[in-house]
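In each ligand, atom 1 is the first atom listed, and ligand 1 is the first ligand listed.
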Amino acid sequence: MEKIAFYDAKPYDKEWFDKYNKNYEIDYYVGRLRPENAKLAEGCKAVCAFVNDVVNAKTIEILAKEGVEVILMRCAGYNNVDLAAAKGKLKILRVPAYSPYAVAEHTMGLILALNRKIPRAYIRTRDFNFSLNGLTGFDLHGKTAGIIGTGKIGRVFIDICRGFGMNVIAYDLYPAENSGINYVSKEELFRNSDIISLHCPLTEQTRYIIDEAALRLMKKNALIVNTSRGHLIDSEALLTALNEKRIGGAALDVYEEESGLFFEDNSDKIVTDEIISLLVSRPNVIVTSHQAFLTEEALANIAEVTLKNLDDYLSGKELVNEVK
Ligand code: NAD
């Protein structure tokens, strides 16, 4: 039986992969993949990795030396993989779509929670504080949602926004033809949106797409929501804009320095990252820990497609989910 070394394994990963796995022996490791522990994959045909694993040139070199042939990314994004280093050494396979609904629905959940201050209300009522002071939001109906990236998730989110009676504008480097989407320039989107939601991948062009200059164009009460990748936002510039009351609030499912912090319980540690510490302390910021994908349907699809990717590789089939 071929073996898979499965890094950064969480109980929910194990539950769903064990349910769908029939053909492989899976060694689950709780640590994130990095050069220091890549040797654990010795004798494995494949390594299964996730968004914050360090799949750099060094890791790739060690894995290839240990006989690994494939890296199975159990996610859509692959910005943490050194593709140039992998070329000719290892195949990189991914799960391009597992549930755009999971991410888009969480995005709207974050906006509702932020705008209507639901987490604050929840904390208050548990302490029998039934005051409404400071909990005023605004109607989404009739407001403008600015969507950056109109791919699978962005489109589902556009439908959700339209269901709320919002006017939708969008920016995409590759606008979808005949989609009925009202594309505008980035600057126009920043100026006119009441909520701004990021659904583009992290690339050299999109890194810090929300920077100081973009924040200065936004409405004073604009809400920013990021369920895509942390590095799309300059977090320090965001914190400054929040401190100076230049924007209304932010809901973040991802953070540029989330690696080593998100997905883990740090409650008994001193977190020395001052930016995230200040962001979570603001009343107009909500942070979730990269959980937008976390639905039963998405986890089932991730397990099924990841294992099928390896089946296809081993049986010489066309690799439809290969990243080149
Ligand atoms: P997708 O590939 O279907 O869509 C991405 C869209 O972004 C495309 O329309 C593309 O043209 C556009 N784009 C590319 N470069 C751009 C640029 N420079 N400026 C503006 N738009 C640009 O991807 P998707 O499935 O919709 O996923 C979007 C992102 O969501 C992923 O890249 C990933 O980072 C993130 N994601 C997050 C989670 C989570 O749990 N938080 C889960 C899945 C995906």
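- Among Ile71, Val81, Ile92, the one residue that satisfies the side-chain contact (heavy atoms from CB on, under 4.5 Å) test with Val323 is Ile92.
- Nearest protein neighbour of atom 2 (O) of ligand 1, counting heavy atoms only, is Lys152 NZ, 3.9 Å.
- Heavy atoms of Gly77 come nearer than 4.0 angstrom to ligand 1 in no pair at all.
- Inter-residue side-chain proximity for Asp27 and Leu40 is flagged as unmet; no heavy-atom pair is nearer than 4.5 Å.
- Near Tyr98, meaning under 4.0 Å from one of its heavy atoms, ligand 1 places the atoms 42 (C), 43 (C).
- For Leu202, the heavy-atom gap to ligand 1 stays at 4.0 angstrom or more.
- Asn52 and Glu258 are linked by a side-chain donor-acceptor pair at a separation below 3.5 angstrom, with hydrogens and angles left out of the test.
- Among Arg229, Arg155, Arg207, the residue whose heavy atom lies closest to atom 36 (N) of ligand 1 is Arg229.
- For atom 31 (C) of ligand 1, the closest heavy atom belonging to the protein is Ser228 OG, 4.1 Å.
- If you check the side chains of Arg282 and Asn243, you find a donor sitting under 3.5 Å from an acceptor.
- Taking the six-membered ring where tryptophan is involved, the planes of Phe130 and Phe128 are perpendicular, since the angle between them exceeds 60° and thus also 30°.
- Residue-environment remark: CD (Glu318) stays at or below the threshold of 12 foreign heavy atoms within 6.0 Å.
- With ligand atoms numbered from 1 in the order given, ligand 1 contributes 39 (C), 40 (O), 41 (N) to contacts under 4.0 Å with heavy atoms of His290.
- The atoms of ligand 1 that sit less than 4.0 Å from any heavy atom of Thr206 are 16 (C), 17 (C), 18 (N), 19 (N).
- When each atom of ligand 1 is checked for a heavy atom of Cys200 under 4.0 Å away, the hits are 7 (O), 21 (N), 22 (C).
- Nearest to atom 26 (O) of ligand 1 among the protein's heavy atoms is Ile153 N, 2.9 Å.
- Residues His199 and Ser197 have side chains that bring a donor and an acceptor to within less than 3.5 angstrom of each other.
- At a heavy-atom distance under 4.0 Å, no atom of Phe157 approaches ligand 1.
- The nearest protein atom to atom 7 (O) of ligand 1, hydrogens excluded, is given as Pro201 CD, 3.3 Å; this is a heavy-atom distance.
- Within the 4.0 Å heavy-atom criterion, neither part of Ala76 lies near ligand 1.
- Legend: residues meeting salt bridge (Lys or Arg N to Asp or Glu O under 4.0 Å) with Lys19, ordered by chain and number and at least two apart, are absent.
- Atoms of ligand 1 lying under 4.0 Å from any heavy atom of Phe293, numbered from 1 in the order shown and given with element: 40 (O).
- Residues Ser193 and Ala222 approach most closely at O-CB, 3.8 Å, considering heavy atoms.
- Closest heavy-atom approach to atom 9 (O) of ligand 1 within the set Asp172, Thr227, Thr203: this belongs to Asp172.
- Side-chain polar atoms of Ser99 and Thr295 form no donor-acceptor pair below 3.5 angstrom.
- In the vicinity of Tyr171, heavy-atom distances shorter than 4.0 Å reach the ligand 1 atoms 19 (N), 20 (C).
- No donor-acceptor contact under 3.5 angstrom links the side chains of Asn321 and Tyr313, judged on distance only.
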Any chance you could lay out the side-chain hydrogen bond (donor to acceptor under 3.5 Å, both in side chains) test for Tyr183 and Thr150, step after step, and finish with the verdict? CA-CA 10 Å; Tyr183 287 102; Thr150 55; 2.7 Å; yes
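- Checked options Asn80, Thr203, Asn79; the residue passing with Arg229 is Asn79 (criterion: side-chain hydrogen bond (donor to acceptor under 3.5 Å, both in side chains)).
- Residue contacts with ligand 1 for Leu173 involve both N, CA, C or O and side-chain atoms from C-beta outward (heavy atoms, distance under 4.0 Å).
- In terms of N/O distances under 3.5 Å, ligand 1 is not approached by Gly149.
- The distance criterion of under 3.5 Å between nitrogen or oxygen atoms is not met by Pro96 with respect to ligand 1.
- With a 4.0 Å cut-off on non-hydrogen atoms, His199 touches ligand 1 through its backbone and not its side chain.
- Ring pair Phe6/Tyr29: centre-to-centre distance not below 6.0 Å.
- Thr136 and Arg116 are not linked by any side-chain donor-acceptor pair at a separation below 3.5 angstrom, with hydrogens and angles left out of the test.
- Residue Val103 approaches ligand 1 through these ligand atoms, each under 4.0 Å from one of its heavy atoms: 38 (C), 42 (C), 43 (C).
- Regarding atom 4 (O) of ligand 1, its nearest protein heavy-atom neighbour is Gly151 CA, 3.2 Å.
- Within ligand 1, counting atoms from 1 as listed, the ones closer than 4.0 Å to a heavy atom of Thr150 are 9 (O).
- Contact analysis leaves Ala97 out of contact with ligand 1, as no non-hydrogen atom separation drops below 4.0 angstrom.
- With a 4.0 Å heavy-atom cut-off, ligand 1 is reached by the side chain of Asp253 but not by its N, CA, C or O.
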